[in-house]
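In what follows, a structure is listed as structure tokens, so that the remarks can point back to it.
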Amino acid sequence: MTIIRRMTKEDVHSVMEVEAASFPVPWSSDTFAKEMQDNPHAYYYVVEKEDKIIGYCGLWLIIDEAHITNIAIHPDYRGLKYGERLFRHTCKKAIENGAIKLSLEVRVSNTAAQHMYRKFGMVPGGIRKRYYSDNGEDALVMWVGLK
Ligand SMILES: CC(C)(COP(=O)(O)OP(=O)(O)OC[C@H]1O[C@@H](n2cnc3c(N)ncnc32)[C@H](O)[C@@H]1OP(=O)(O)O)[C@@H](O)C(=O)NCCC(=O)NCCS
């Protein structure tokens with residue numbers, strides 16, 4: 001069985017496995033722990049399949065503006081629509097909590113993620129030059145109105 005639920009600090013260790021397998025500069029477990037404990041604007045969700053965390057998505061919600069901080073599915077489970085389900089769930093929660101606009105940054109080379117975001121009506125809003133410190137890659141800002 002697969003469920004999507006709110007992430008807790010007890011999940012940080014498992015989420016770190018997804019994180020480390022997904023990004024060239026992974027977030028630290030401290031960063032996730034702080035998001036869980038100290039950030040009242042943070043909403044994080046995990047996909048759990050047979051009691052194993054296979055993906056996560058994070059959101060910051062400030063008044064009515066939502067910003068996706070990150071989304072990742074473990075490489076062993078990609079291409080099976082878990083990312084789409086998780087993203088849909090996260091958007092739904094943003095709307096339920098008052099968001100009217102959603103934005104995010106994505107590497108210009110990350111066409112897989114961009115395709116997924118476009119399926120949710122997200123469109124390019126601009127470029128942040130040399131946003132990613134590991135290789136100096138630009139970020140594409142994408143956004144969508146939620147009402
Ligand atoms: C982006 C990511 C979360 C997508 O999750 P996923 O579970 O593999 O994606 P899904 O199976 O739900 O696919 C949803 C849509 O994404 C797009 N997509 C997914 N993989 C793709 C690929 N390899 N090439 C092109 N488009 C792709 C497609 O539009 C797809 O819909 P479709 O099958 O109807 O065409 C996943 O690839 C991932 O974890 N990537 C590494 C981390 C990352 O880059 N995160 C984004 C940071 S901004």
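All ligand and atom numbering here is 1-based and tracks the order in the structure. Heads up: numbering here begins at 1 and tracks the sequence.
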**Prompt:** How close does the nearest protein non-hydrogen atom get to atom 24 (N) of ligand 1, and which residue and atom is it?
**Reply:** A112 CB, 3.8 Å

**Request:** State whether the side chain of E19 and the backbone N or O of P26 hold a donor-acceptor pair below 3.5 Å, judged by distance alone.
**Result:** no

**Asked** What do you reckon, does K81 have a nitrogen or oxygen under 3.5 Å from a nitrogen or oxygen of ligand 1?
**Response** yes

**Prompt:** Could a heavy atom of I71 be found less than 4.0 Å from some atom of ligand 1?
**Reply:** yes

**Prompt:** Less than 6.0 Å separating the ring centroids of F120 and F87?
**Reply:** yes

**Message:** Between the side chains of R6 and D11, is the shortest nitrogen-to-carboxylate-oxygen separation below 4.0 Å, so that they form an ion pair?
**Reply:** no

**Prompt:** Any Lys/Arg nitrogen of D134 or R107 sitting under 4.0 Å from an Asp/Glu carboxylate oxygen of the other?
**Reply:** yes

**Request:** Name the option, out of F87, Y82, Y117, that contains the heavy atom nearest to atom 47 (C) of ligand 1.
**Result:** Y117

**Asked** What do you reckon, does F23 put a non-hydrogen atom under 4.0 Å from ligand 1?
**Response** yes

**Asked** Nearest 0.5 Å, what's the CD1-CG distance between I63 and N97?
**Response** 14.0 Å

**Prompt:** Taking non-hydrogen atoms only, is Y56 closer than 4.0 angstrom to ligand 1 via side chain, backbone, both or neither?
**Reply:** neither

**Asked** So which bit of L80 gets within less than 4.0 Å of ligand 1, heavy atoms only: side chain, backbone, both or neither?
**Response** backbone

**Prompt:** Nearest to atom 28 (C) of ligand 1, what protein heavy atom do you find, and at what distance?
**Reply:** H115 CB, 4.0 Å

**Prompt:** Taking the non-hydrogen atoms of R85, is any one of them nearer than 4.0 angstrom to ligand 1?
**Reply:** no

**Asked** Looking only at atom types and distance, does a side-chain atom of D64 sit under 3.5 Å from a main-chain N or O of I100, one as donor and one as acceptor?
**Response** no

**side chain to side chain contact (heavy atoms under 4.5 Å, CB included) partner of V46, chosen from V18, T8, V15** = V15

**Prompt:** For ligand 1, is any non-hydrogen atom under 4.0 Å from K119's backbone (N, CA, C, O), its side chain (CB onward), both, or neither?
**Reply:** side chain

**Complete:** Nearest non-hydrogen protein atom to atom 8 (O) of ligand 1, with distance, is G79 N, 2.8 Å

**Request:** State plainly whether the residues E48 and K52 are in salt-bridge range, i.e. N to O under 4.0 Å.
**Result:** no

